[in-house]
Amino acid sequence: MATATTAAADLRAQVEQVVGPEHVRADAGALLTYATDATPLERGAPDLVAFPETTDEVAGILRIADARQVPVIARGSGTNLSGGTIPHQGGIVLVLTRMNRILEVSTADLVAVCQPGVRTIELAGAAAAEGLLFPPDPGSHTTATVGGNVAECSGGLRALKYGVTRDYVLGVEAVLPGGEVIRSGGRLVKDVAGYDLRRLLCGSEGTLAVMTELTVRLLPAPEASGTGMAYFGDLGEAARAVSRVLSSGVLPVTLEFLDQICIDAVEGFSNIGLDRSAGALLIFGQDGDPGAIERDMARMAEACEAEGATEVRIAGTDAEAAGVLAARRAVLPALSRLEPLTILEDATVPRSRIAEMVARIQEIAQHHGLTIGTFGHAGDGNLHPTVVLDPADEAAVHRAHEAFDEIFAVAIEMGGSITGEHGVGMVKLRHLERQLGAEQLALLRRIKHAFDPNGILNPGKLGS
Ligand SMILES: Cc1cc2nc3c(=O)[nH]c(=O)nc-3n(C[C@H](O)[C@H](O)[C@H](O)COP(=O)(O)OP(=O)(O)OC[C@H]3O[C@@H](n4cnc5c(N)ncnc54)[C@H](O)[C@@H]3O)c2cc1C
């Protein structure tokens, strides 16, 4: 015990030399705060928490950790939902929120360069100030960091038209566990020299390297946007409307759905006039020039009506549009009010199978006696089945885990994925082999070993 305490003090002293004592914490409050992230029910126990400000400081800490074989868990804002920043093997939680500078927004090269601790909303705001768009917009954009977005390859409400974070990462500066700094890509649109490591780092969940600078692609901001909503008697009709919209030559910026449980919860929470008797709600939107928006919104409304929508509304003002999108963003807080514990999950199926998948989720929920609301990105086939329950009811928690195991198995059976955007982290590691197969998983592990031979980066997570 005395030896462990001495080792911990020694580690702390070494890290303090790199970042200064004021940027290292091992007090009970910090150890408690950084023991968890946004993932329900998961908790670890860090040895210390360090807040570096520069790439050199990150490299210094990694060198120490690698030499001592101490785990390092890179962390942005800790909003991930897959246990990605849980220090379940102890070690150093490396919080990157002091690396929060936007270094450049270039209207000539249509890029922005920033440090990983910049919040997504700040980067989007800096781009917007120059008439440009940074499209990735996860629901957590007011809190999550760009480094976290890249490490998770986050999606968002605009992914159908604009793609996900990966599609905007042009260059990455990253520190390897031995302290070496690499730069992959840059501000070039075309660059095929070498393996595409920046793409590999995208979605690597802190297991390969710590990203310290990001160069992202920007687009000219669209002139205007339109938003609408359609109610359906059931999700089957809504799903058919999605197929009809997508085959009508329109690529919407937004195509989101809520099932009946979610509609009811949002209305109970926000009181914004949603029709609680509806079986499903589809939210659709387009951006671009005003003429194209008018045409596409009309086509989407027609597609919904043709599939039996009971009511279709197109927002006439910005405030109305914001209200419609707020309904979608309110789903999680609304469901959270139903019971003390909310487990939000993430699975993807081919979009033609959304209705079938939601029906299977409801069967599974009924079989296990659970309330599962499902909402998500209909246009991407990305569903968020969300269970609400009382954590004191251990049997219900157990049944919820069983239900999600079944849901992931069904997603894979339908040619889908165990995660569309929230990552594998620690909570889905046991499902990964089923999706990827043993050979591919072994290759992932060899890649992990090539980057991180001592296995210090986020051990027990994706690829470990
Ligand atoms: C309310 C809510 C809504 C959400 N909505 C969405 C959504 O719409 N779409 C979506 O995709 N996700 C969503 N998420 C999940 C989450 O917000 C995203 O994954 C987000 O990108 C995580 O950012 P973060 O800064 O919080 O990262 P963290 O949670 O701190 O870290 C996430 C992962 O990235 C790694 N990491 C962080 N920074 C670095 C770095 N600099 N270098 C290397 N690795 C690093 C960590 O080790 C960890 O594995 C939501 C979460 C919540 C709570």
Side-chain angles (χ1 to χ4, degrees), residues 34 36-40 42 52 55 58 62 71-87 91-100 114-123 136-159 164-166 169 172-177 200-214 254 256 328-336 342-346 348 375-377 380 382 384 386 419-427 451-452 457-464:
Y34 294 99
T36 56
D37 56 25
T39 317
E42 302 295 342
T55 301
V58 171
L62 288 185
V72 174
I73 301 92
R75 178 173 169 129
S77 293
T79 66
N80 78 86
L81 295 160
S82 51
T85 48
I86 302 290
I92 304 170
V93 176
L94 196 68
V95 183
L96 295 151
T97 48
R98 284 181 70 223
M99 298 186 72
N100 60 359
C114 74
Q115 294 184 314
V118 168
R119 287 181 299 126
T120 321
I121 198 168
E122 291 167 337
L123 181 62
D137 65 338
S140 52
H141 64 156
T142 53
T143 313
T145 63
V146 179
N149 297 167
V150 176
E152 293 285 8
C153 190
S154 295
L157 265 58
R158 293 193 283 229
V164 295
T165 303
R166 166 193 306 124
V169 179
V172 175
E173 177 192 83
V175 187
L176 302 178
L200 182 58
L201 290 175
C202 215
S204 62
E205 300 187 20
T207 60
L208 301 181
V210 177
M211 293 178 278
T212 45
E213 189 186 290
L214 301 148
T254 302
E256 300 285 313
R328 166 62 179 84
R329 293 204 191 269
V331 179
L332 187 55
L335 288 172
S336 311
T342 308
I343 307 177
L344 166 71
E345 265 308 345
D346 169 42
T348 301
F375 64 99
H377 316 289
D380 310 337
N382 188 193
H384 293 310
T386 303
T419 172
E421 56 181 19
H422 291 172
V424 173
M426 59 190 274
V427 298
F451 272 80
D452 181 16
L457 286 181
N458 223 354
K461 313 287 170 60
L462 165 71
S464 304

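Atoms within a ligand are numbered from 1 in the order they appear, just like the ligands themselves. These values consider heavy atoms only, across backbone and side chains, with no hydrogens, waters or symmetry-generated copies.
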Which atom pairs, donor and acceptor, lie under 3.5 Å between side-chain atoms of residues 142-150 and protein residues at least two apart or in another chain?
unit_1: Thr145; atom_1: OG1; unit_2: Gly148; atom_2: N; d: 3.0
unit_1: Asn149; atom_1: OD1; unit_2: Thr120; atom_2: OG1; d: 2.7
unit_1: Asn149; atom_1: ND2; unit_2: Thr145; atom_2: O; d: 3.0

* To do: Write down the atom of Glu421, the atom of Gly155, and the distance for their closest heavy-atom approach.
  => OE1-CA, 3.4 Å

* To do: Mind telling me whether His384 and His422 have parallel, tilted or perpendicular rings, with 30° and 60° as the class edges?
  => parallel

* side-chain hydrogen bond (donor to acceptor under 3.5 Å, both in side chains) partners of Gln115, counting only residues at least two apart -> none

* Asked: Atom CZ of Phe375 and atom CG of Leu332: how far apart are they, to the nearest 0.5 Å?
  -> 5.5 Å

* Contact residues of ligand 1, where a non-hydrogen atom lies under 4.0 Å away -> Ala74, Arg75, Gly76, Ser77, Gly78, Thr79, Asn80, Leu81, Gly84, Thr85, Leu96, Pro116, Pro138, Gly139, Ser140, Ala144, Thr145, Gly147, Gly148, Asn149, Ala151, Glu152, Ser154, Gly155, Glu205, Gly206, Ala209, Val210, Met211, Leu332, Glu421, His422, Asn458

* Check side-chain hydrogen bond (donor to acceptor under 3.5 Å, both in side chains) between Thr419 and all other residues, then give those that pass, not counting sequence neighbours. => Asp346

